Number of protein chains: 2
Amino acid sequence: MAELTDKGRRTRQRIVEATALRILDAGIDGTSLDDVRAETLTSKSQLFHYFPGGKAELVRAVAVWEGEQLLAAQEPHLSDLSTWESWAAWRRGLEEYYFDRGRWACPIGSLTAQMAAADAETAAFLREAWTSWRTRLADGVRRMQAAGHIDPGADAERLATSVLAAIQGGLLLSQPERATWPLEAALDTAWTTLHALPPTTTPPAEP
Amino acid sequence: MAELTDKGRRTRQRIVEATALRILDAGIDGTSLDDVRAETLTSKSQLFHYFPGGKAELVRAVAVWEGEQLLAAQEPHLSDLSTWESWAAWRRGLEEYYFDRGRWACPIGSLTAQMAAADAETAAFLREAWTSWRTRLADGVRRMQAAGHIDPGADAERLATSVLAAIQGGLLLSQPERATWPLEAALDTAWTTLHALPPTTTPPAEP
DNA sequence: TCGCTGTTGGACTGCATGGTCCATTACTAG
DNA sequence: CTAGTAATGGACCATGCAGTCCAACAGCGA
């Protein structure tokens, strides 16, 4: 597997993308190698040629690919997030990513929920993906704090985490409804909190 | 299956609970009937005796059972939620339910995420479960609005949805970390929003 | 005690699936 | 043109799993 020609790289990529799609709406266990084979018009030997580790390695490749796509879909705003406009643009990009083209779940979130079906390496990668995502959001929060738009006393990491939670939870609730409003409602609430945090408000101590 | 003796009911319940546990940390596909058989010291014929519909029916029974348990764990507070104290007690009960006894995920949330692996009937039941849960929370919000603790102009259903999203998203993020803080951070933020919503200038008008 | 019905045991079947293997074809560098 | 390597095809194997079937056992009412 050390040497790949262009053709090989393209075939490999085709396999990864088809598998990613299938996993997104059938889950890891619901995606058989034969499904992938049929969809990509490849043969069993090709799957094992490009992914000697078998299904586990293929799933890992899918996780990496999905992680890249997810982050890319949030750029360039994710790296900015220094103004409310940037946050708004970031949010629009995310909603578009999730709902356009019929993607109704977060690839990374789904995979995390299926961690039991994934191997240890994939689980480790997912942990990194979350950390990376959270950190980028937290950096944005800190930029807002530095600019005086968000209470400097707030914990940026926790705030970022709650925004991610709103996204993931909102998506989960959107699925059975087959509607976008649950995610939007969750994001609206997170939004309100972000905006409400300037120094005038004291966070409640509970429970 | 029309007639069940006490003994039969107990066996059936044993099967349901063991399956529920297994599904919670291995997923539907990661739970084989042989696993269940071994864990419950039953035989194949018993599984199909009590659940003629096979695995699908068993999963359905698990969903119903988990739904009951989840709602029960939130009582009596869930039916109250008319004061901040009641909300706090409700939250404590939930966290206890999720984190004590090593349960690190929401059974209903997990099943929803695995809908692709579930049959249509189970999916329908899950939709109902979410509606029921959301409605109870929304009722609580309305009680708080009536009591003048929350802005009467807020949409109770959407607010309830965002609280549910915080729970589910927080749980998802808690899993890879194997820590409780993500859920707590998400709930804290939802909390802040609830508290921040009262009209700051207009006093509540309520008989 | 008898007989009916619910309960239990476990062998067996058919099928889907991950994975192996070997042969063949297509490229590409020299 | 040729040799070597990557790419591909697809038969084949072993296993695990849902589901079937029949036989045996237990409890309870008559």
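Keep in mind the model is a prediction, meaning the values are calculated, not measured. First the proteins, then the strands, lettered A, B, ... as listed; each starts at 1.
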Problem - Thr193(B) side chain to Thr193(A) side chain, donor-acceptor N/O pair below 3.5 angstrom - result: yes
Practice task
Go through dT7(C), dG19(C), dA7(D) for me and flag the one nearest to the Leu33(A) side chain.
Solution key: dG19(C)
Practice task
Let me see the working for Arg136(A) and Glu75(A) under salt bridge (Lys or Arg N to Asp or Glu O under 4.0 Å), right down to the final yes or no.
Solution key: CA-CA 11 Å; Arg136(A) 283 158 179 267; Glu75(A) 295 298 353; 3.0 Å; yes
Fill in the blank from the handout: Regarding the side chain of Ser43(B), the nearest nucleotide among dT20(C), dG9(C), dT8(D) is dG9(C)
Exercise for the section: Verify the contact: side-chain N or O of Thr11(A) to OP1 or OP2 of dT8(D), cut-off strictly under 4.0 Å; return yes or no. Expected result: yes
Exercise for the section: Calculate the interatomic distance between Arg37(A) atom CZ and dA16(C) atom C1'; express it in whole Å. Expected result: 13 Å
Handout entry: Nearest-Å distance for atom pair CZ/C1', residues Arg12(A) and dA6(D)
Key = 15 Å
Problem - Flag for Thr112(A)-Trp130(A): side-chain donor and acceptor within less than 3.5 Å - result: yes
Handout entry: Tyr50(B) side-chain N/O to dT8(C) phosphate OP1/OP2 under 4.0 Å
Key = yes
Handout entry: Whole-Å distance separating the CZ atom of Phe51(A) from the P atom of dT20(C)
Key = 16 Å
Handout entry: Side-chain donor/acceptor contact of Lys44(A) with base of dG19(C) under 3.5 Å
Key = yes
Problem - d(CG, Asp6(B); C1', dG27(D)) in whole Å - result: 12 Å
Fill in the blank from the handout: Taking dG19(D), dG6(C), dT8(C) as options, the one with an atom nearest any side-chain atom of Gln46(B) is dT8(C)
Practice task
Just call it for Ser45(A): base, sugar-phosphate, or nothing, with non-hydrogen atoms closer than 4.0 Å on any strand.
Solution key: base
Problem - Arg91(A)/Glu96(A) under salt bridge (Lys or Arg N to Asp or Glu O under 4.0 Å): CA gap, chis, key distance, verdict - result: CA-CA 9 Å; Arg91(A) 173 177 169 172; Glu96(A) 190 180 320; over 6 Å; no
Practice task
Would you mind reading off the distance between Phe48(B) atom CZ and dA11(C) atom P, rounded to a whole angstrom?
Solution key: 17 Å
Exercise for the section: State which of dT7(C), dT8(D), dA6(D) makes the closest approach to the side chain of Lys7(A). Expected result: dT8(D)
Practice task
Describe the nucleic acid contact of Lys55(B) in one word from base, sugar-phosphate, nothing, applying a heavy-atom distance below 4.0 Å.
Solution key: sugar-phosphate
Practice task
Using a 4.0 Å heavy-atom cut-off across all strands, classify Thr40(B) as base, sugar-phosphate, or nothing.
Solution key: nothing
Exercise for the section: Could you tell me the separation between the CD1 atom of Ile15(A) and the P atom of dA7(D), rounded to a whole number of Å? Expected result: 11 Å
Handout entry: Leu137(B) CG to Trp87(B) CH2 distance, which is reported to the nearest 0.5 Å
Key = 5.5 Å
